[in-house]
Amino acid sequence: MPEEDLSRLGKLNSDVLGVFASEEQWITPEIVQQFEVNMNRAGKKLEVHSFDADHAFANPSSPRYKEKPAQSAFEITLDYLKKKYN
């Protein structure tokens, strides 16, 4: 669950990449939007990517697995990490 406490968010020492599923019932799009607002208020950089999928869409052993969104999420994550840590 995305952190809501602005004082805790303010202690982050890095940017954040968020990969979310728009059909998720637990971390809903509204929660993601609030996380974006909170990160902005805390003065932190957040890069969000949402996919038309449900929870566990990137897990190949899940019945909700979706190959194309999972591959896109994987590539986005690798690109993000390469930019930050190469």
Side-chain angles (χ1 to χ4, degrees):
M1 185 61 73
E3 180 61 58
E4 295 179 4
D5 185 329
L6 294 181
S7 67
R8 291 183 66 169
L9 290 174
K11 295 177 184 176
L12 287 172
N13 292 326
S14 69
D15 299 342
V16 174
L17 172 66
V19 177
F20 300 100
S22 64
E23 297 168 19
E24 169 78 58
Q25 298 300 306
W26 189 45
I27 302 175
T28 63
E30 293 79 20
I31 289 172
V32 173
Q33 289 173 340
Q34 186 60 53
F35 185 49
E36 290 179 279
V37 168
N38 290 344
M39 286 288 286
N40 188 28
R41 286 182 180 159
K44 300 299 175 178
K45 185 174 178 187
L46 171 64
E47 181 178 326
V48 170
H49 296 271
S50 292
F51 294 90
D52 292 330
D54 200 350
H55 182 83
F57 75 94
N59 180 348
S61 66
S62 169
R64 295 184 217 126
Y65 176 70
K66 285 187 154 182
E67 184 176 359
K68 287 183 181 181
Q71 184 62 37
S72 293
F74 180 74
E75 290 170 8
I76 286 167
T77 302
L78 283 181
D79 288 345
Y80 178 86
L81 293 172
K82 286 177 184 176
K83 288 177 188 173
K84 295 293 176 189
Y85 301 105
N86 264 348

For Gln34 and Glu30, test the side chains for any donor-to-acceptor distance below 3.5 angstrom and give the result as yes or no. no
Residues Ala42 and Gly10: closest non-hydrogen pair is CB-N, 4.0 Å
Just wondering, are more than 12 heavy atoms of other shown residues or ligands nearer than 6.0 Å to CG in Asp52? no
Looking only at atom types and distance, does a side-chain atom of Lys44 sit under 3.5 Å from a main-chain N or O of Leu12, one as donor and one as acceptor? yes
Show the nearest heavy-atom pair for residues Ala58 and Ala70, with the distance to one decimal. CA-CB, 3.6 Å
Working note: Met39 + Glu36, criterion side-chain contact (heavy atoms from CB on, under 4.5 Å); need CA distance, chi angles, decisive distance, verdict. CA-CA 5 Å; Met39 286 288 286; Glu36 290 179 279; 5.9 Å; no
Side chain Ser22, main chain Phe51, donor-acceptor under 3.5 Å: yes
With a 4.5 Å cut-off on side-chain heavy-atom distances among I, L, V, M, F, W and Y, is there a chain of contacts connecting Phe57 to Trp26? no
Would you compute the distance between atom OG of Ser72 and atom NZ of Lys66 and round it to the nearest 0.5 angstrom? 12.0 Å
Hydrophobic cluster identity match, Val32 and Leu6, side-chain contacts under 4.5 Å: yes
Look at the side-chain heavy atoms of Ile, Leu, Val, Met, Phe, Trp and Tyr, link any pair under 4.5 Å apart, and say whether Leu9 and Val16 land in one connected group. yes
For Glu67, is the CD atom crowded, meaning more than 12 foreign heavy atoms sit under 6.0 Å from it? no
Hey, any chance Phe20 and Leu17 share a hydrophobic cluster, counting ILVMFWY side chains that come within less than 4.5 Å of each other, even indirectly? no
With rounding to the nearest 0.5 Å, note down the distance linking CZ in Phe74 to CG in Asp79. 10.0 Å
From the list Lys82, Lys83, Lys84, side chain to side chain contact (heavy atoms under 4.5 Å, CB included) partner of Asn86 resolves to Lys82
In terms of hydrophobic clusters joined by side-chain contacts under 4.5 Å, are Ile76 and Leu81 together? yes
For Thr77, what residues pass the side chain to side chain donor-acceptor pair (under 3.5 Å) criterion, not counting sequence neighbours? none
Could you tell me whether a side-chain N or O of Glu4 sits under 3.5 Å from a main-chain N or O of Pro2, the two making a donor and an acceptor? no
So, taking the atom named CE in Met1 and the one named CD in Glu3, what distance separates them when rounded to the nearest 0.5 Å? 11.0 Å
So does Arg64 have more than 12 non-hydrogen atoms from other groups sitting under 6.0 Å from CZ? yes
